[in-house]
Amino acid sequence: IIVCMAIFVVVAFQFGWIKAGSGPVKVQGVRDTQGPQIYMVQVRDGSTPRSAIISWATDEDSSSQVRYGPWPYANTLTPIQNDPTTGVNSGVKIHEVGLTNLIPATTYIYYVISMDKEGNRTESPEMQFQTTQ
């Protein structure tokens, strides 16, 4: 067995299968191209009148942002919170974004948005809530 292994090594060098001085092979990591999965989206009344809190969870650390507006226009974006692409923080898995100055007795549409450290962005489907009087 030892003789066969020695012959194999000699032949492998001759055919270039093994190169002298070649160090360990570096394997490139697989780049994450999938955005965070969003689940458990909820709306609750805020701590002040005409406010609401949108909360959700993601499967990986990511940023928190909400796009919202009175139906049918969701044209207001909250500032991005916990942005992991900046390198300042690593993002969060449990998200809460407060909305203020809402119009009473109005239907709002909204989308929650999260982005992971690689910049992969996920936006939820359209959802709705109704403000009280």
Side-chain angles (χ1 to χ4, degrees):
I1 293 177
I2 294 174
V3 172
C4 289
M5 289 179 69
I7 293 171
F8 173 78
V9 170
V10 169
V11 170
F13 271 111
Q14 289 177 347
F15 282 102
W17 299 336
I18 300 175
K19 295 189 188 316
S22 63
V25 176
K26 292 185 180 180
V27 177
Q28 293 289 341
V30 177
R31 187 178 184 287
D32 177 11
T33 59
Q34 296 294 317
Q37 290 185 0
I38 294 172
Y39 55 99
M40 294 177 30
V41 180
Q42 299 177 354
V43 179
R44 67 180 192 272
D45 289 337
S47 58
T48 61
R50 298 177 32 203
S51 67
I53 298 172
I54 312 290
S55 61
W56 69 97
T58 53
D59 65 333
E60 63 180 313
D61 290 334
S62 54
S63 64
S64 311
Q65 188 175 33
V66 175
R67 181 166 60 96
Y68 71 101
W71 187 87
Y73 305 106
N75 53 10
T76 301
L77 272 173
T78 63
I80 297 173
Q81 301 172 16
N82 308 307
D83 187 354
T85 64
T86 63
V88 175
N89 65 58
S90 60
V92 295
K93 290 182 181 171
I94 304 298
H95 307 263
E96 279 194 353
V97 174
L99 309 179
T100 58
N101 298 318
L102 302 176
I103 303 166
T106 301
T107 299
Y108 277 82
I109 60 172
Y110 70 98
Y111 305 80
V112 299
I113 304 164
S114 287
M115 185 170 44
D116 65 19
K117 67 182 177 185
E118 287 82 17
N120 301 311
R121 182 179 182 273
T122 301
E123 184 172 300
S124 72
E126 178 183 300
M127 292 174 269
Q128 296 183 9
F129 68 93
Q130 177 79 30
T131 56
T132 58
Q133 293 289 355

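Computed from a predicted model, the values in this text were never measured in an experiment.
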If I take atom [atom1] from residue [X] and atom [atom2] from residue [Y], how far apart are they, to the nearest 0.5 angstrom?
X	Y	atom1	atom2	result
R67	S124	CZ	OG	8.5 Å
T85	E118	OG1	CD	10.5 Å
Q42	E96	CD	CD	9.5 Å
L77	I113	CG	CD1	5.5 Å
T122	Y111	OG1	OH	15.0 Å
E60	S90	CD	OG	11.5 Å

Is [Y] reachable from [X] through a run of I, L, V, M, F, W or Y residues, each pair having side-chain heavy atoms under 4.5 Å apart?
X	Y	result
L102	M127	yes
I53	Y110	no
I109	V43	no
Y68	I80	no
W71	I54	no

- request: Specify whether F129 and Y108 have parallel, tilted or perpendicular ring planes, treating 30° as the upper limit for parallel and 60° as the lower limit for perpendicular.
  value: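 The rings of F129 and Y108 lie parallel, inter-plane angle below 30°.
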message: Between T131 and T106 (side chain of the first, backbone of the second, donor and acceptor by atom type, cut-off under 3.5 Å), is there such a pair?
response: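 Side chain of T131 to backbone of T106, a donor-acceptor pair under 3.5 Å: yes, one is there.
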Minimal non-hydrogen separation, Y39 against D59, with atom names: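 Closest heavy-atom pair between Y39 and D59: CE2-N, 3.8 Å.
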task: Might you point out which heavy atoms bring D116 and G35 nearest each other, and give the distance in Å?
output: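 In this case the closest contact between D116 and G35 is OD2-CA, 4.4 Å.
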Do [X] and [Y] have side chains that get closer than 4.5 Å, going by heavy atoms?
X	Y	answer
T100	R50	no
Q34	N120	no
H95	V112	no
D83	V88	no

field: Within 6.0 angstrom of Q37 CD, more than 12 heavy atoms from elsewhere
entry: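 Open: at most 12 neighbouring heavy atoms sit under 6.0 Å from CD of Q37.
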field: Identified side-chain contact (heavy atoms from CB on, under 4.5 Å) partner of M115 from the options P36, P84, S63, S64
entry: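 Of the listed options, the one satisfying the test is S63.
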